Amino acid sequence: MEETFTYRLATVHDLQDIIEIEHASFTLPWTQEAFYNEIVHNQFAYYLLMEADGRTVGYCGVWVIIDDAHITNVAIRPEYRGRKLGEAIMRQAMHLARRYGAARLSLEVRVTNYVAQNLYRKLGFQDGGIRKNYYSDNGEDALVMWVML
């Protein structure tokens, strides 16, 4: 039987799931406090969860400020990767940004993360520039990418 994936906005009750996915996905994971502040105090932040059978399998953070939106982070549980779920949650995040009034969406991605870059290009993102030494773990540059919504 094929799994059904649903989406909803995160609450503070979802922090543990988000932290688990974050730590399994990034060399510089955000702290639980950072996510708490995003969900509770940041009026511009929306954290979209992807669930399967009641289990959080991915999340995507989106800031919407007037007509600009920015992806803060996006991650899928390792055991769910390779199933086009990153694309699915990004499409939902783009829809969410449009729904809240954004006309443009941006993100940063490691210059060596070709898999993610290819996904973003598939979704219509274009290269917008380089942020030198953006990642503090190894000084890697970030590619800034943009898409009109």
Side-chain angles (χ1 to χ4, degrees), residues 5 7-12 14-52 55-98 100-149:
F5 296 94
Y7 302 89
R8 67 176 176 83
L9 292 178
T11 70
V12 292
D14 301 304
L15 285 173
Q16 190 56 47
D17 287 338
I18 292 170
I19 288 297
E20 285 175 14
I21 298 167
E22 177 80 2
H23 280 262
S25 302
F26 299 109
T27 57
L28 287 174
W30 284 19
T31 64
Q32 185 165 330
E33 180 182 16
F35 281 108
Y36 177 86
N37 287 327
E38 285 286 288
I39 292 169
V40 174
H41 299 297
N42 185 344
Q43 65 181 351
F44 304 110
Y46 302 91
Y47 280 78
L48 183 65
L49 297 186
M50 172 187 268
E51 295 179 320
R55 182 177 191 216
T56 301
V57 298
Y59 71 91
C60 183
V62 184
W63 291 345
V64 180
I65 304 169
I66 307 174
D67 61 350
D68 278 323
H70 182 75
I71 299 292
T72 57
N73 37 27
V74 59
I76 302 293
R77 281 191 190 274
E79 62 270 29
Y80 284 84
R81 293 182 189 155
R83 298 168 54 184
K84 300 192 181 294
L85 300 182
E87 178 180 345
I89 200 168
M90 281 294 298
R91 288 187 187 280
Q92 288 293 320
M94 292 168 75
H95 177 72
L96 180 145
R98 269 193 305 273
Y100 286 103
R104 293 171 296 280
L105 179 64
S106 66
L107 54 78
E108 291 92 7
V109 59
R110 288 179 184 267
V111 293
T112 57
N113 190 345
Y114 304 113
V115 171
Q117 290 174 36
N118 288 337
L119 167 61
Y120 303 143
R121 287 187 182 104
K122 178 180 180 181
L123 295 171
F125 283 78
Q126 298 178 354
D127 297 1
I130 298 289
R131 293 197 199 282
K132 289 295 205 184
N133 304 309
Y134 185 78
Y135 294 98
S136 59
D137 61 337
N138 64 359
E140 186 173 356
D141 296 344
L143 173 63
V144 179
M145 300 183 81
W146 289 86
V147 66
M148 296 302 292
L149 299 171

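The residues of the chain are indexed from 1 along the displayed sequence. Both backbone and side-chain heavy atoms feed into the values below; hydrogens, waters and symmetry mates do not. All figures in this text were calculated on a predicted structure; none of them were measured in a lab.
- The minimum heavy-atom distance linking A97 with V64 is given by the pair CA-CG2, 4.2 Å.
- If you check the side chains of E38 and T72, you find no donor sitting under 3.5 Å from an acceptor.
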- request: Show your reasoning for whether side-chain contact (heavy atoms from CB on, under 4.5 Å) applies to L123 and V147.
  value: CA-CA 8 Å; L123 295 171; V147 66; over 6 Å; no
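- The heavy-atom pair separating A10 from I18 by the smallest distance is CB-CD1, 4.0 Å.
- Within 6.0 Å of CD on E87 lie more than 12 heavy atoms contributed by other residues, nucleotides or ligands.
- Residues H95 and Y7 fail the side-chain proximity criterion, which asks for heavy atoms closer than 4.5 Å.
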message: Show, in sequence, the C-alpha distance, side-chain angles and deciding distance for R8 and D14, and conclude whether the side-chain contact (heavy atoms from CB on, under 4.5 Å) test is met.
response: CA-CA 11 Å; R8 67 176 176 83; D14 301 304; 2.6 Å; yes
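- Within the 3.5 Å criterion, the main-chain N or O of T112 finds a donor-acceptor partner in the side chain of E140.
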task: Please step through side-chain contact (heavy atoms from CB on, under 4.5 Å) for the pair D68 and W146, ending with a clear verdict.
output: CA-CA 10 Å; D68 278 323; W146 289 86; 4.3 Å; yes
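- For the pair F125 and M90, the minimum side-chain heavy-atom distance is below 4.5 Å.
- Interatomic distance, D141 CG to E108 CD, rounded to the nearest 0.5 Å: 12.0 Å.
- Remark: F26 CZ is packed, more than 12 non-hydrogen atoms of other residues, nucleotides or ligands lying under 6.0 Å away.
- The shortest heavy-atom contact between L119 and G86 is CD2-C, 4.0 Å.
- Here CD1 of I39 is found 4.5 Å from CG of L15. Values are rounded to the nearest 0.5 Å.
- Rounding to the nearest 0.5 angstrom, the gap separating the CD1 atom in I19 from the CZ atom in F35 is 5.5 Å.
- For the pair N73 and Y59, the minimum side-chain heavy-atom distance is below 4.5 Å.
- Going from atom CG of L149 over to atom CG of L105 covers 5.5 Å, rounded to the nearest 0.5 Å.
- Here the CD1-CZ distance, from I66 to F44, works out to 7.5 Å after rounding to the nearest 0.5 Å.
- Of the possible polar contacts, none joining the N118 side chain to the V115 backbone as a donor-acceptor pair under 3.5 Å is found.
- Counting all heavy atoms, side chain and backbone alike, A52 lies closest to V57 at CB-CG1, 4.1 Å.
- Under the salt bridge (charged side-chain N to carboxylate O under 4.0 Å, His left out) criterion, the residue pairs touching residues 18-27 are E20-R77, with sequence neighbours excluded.
- Using cut-offs of 30° and 60° for the angle between ring planes, the W63 and H70 rings count as tilted.
- Among all heavy-atom pairs drawn from I89 and C60, the shortest one is CD1-N, 3.8 Å.
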- request: Quick one: do R110 and T27 satisfy side-chain contact (heavy atoms from CB on, under 4.5 Å)? Show the steps, please.
  value: CA-CA 12 Å; R110 288 179 184 267; T27 57; 3.3 Å; yes
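- Using a 4.0 Å cut-off between charged side-chain N and carboxylate O, D17 and R55 make no salt bridge.
- Heavy-atom neighbours of E33 CD from other residues, nucleotides or ligands within 6.0 Å: at or below the threshold of 12.
- The shortest distance between side-chain heavy atoms of I71 and V62 falls below 4.5 Å.
- Residues A75 and I21 approach most closely at CB-CG2, 3.7 Å, considering heavy atoms.
- Under the side-chain contact (heavy atoms from CB on, under 4.5 Å) criterion, V109 pairs with L107, N113, A116, Q117, Y120, L143, M145, not counting sequence neighbours.
- The distance from the CE atom of M94 to the CG atom of L48 is 13.0 Å, given to the nearest 0.5 Å.
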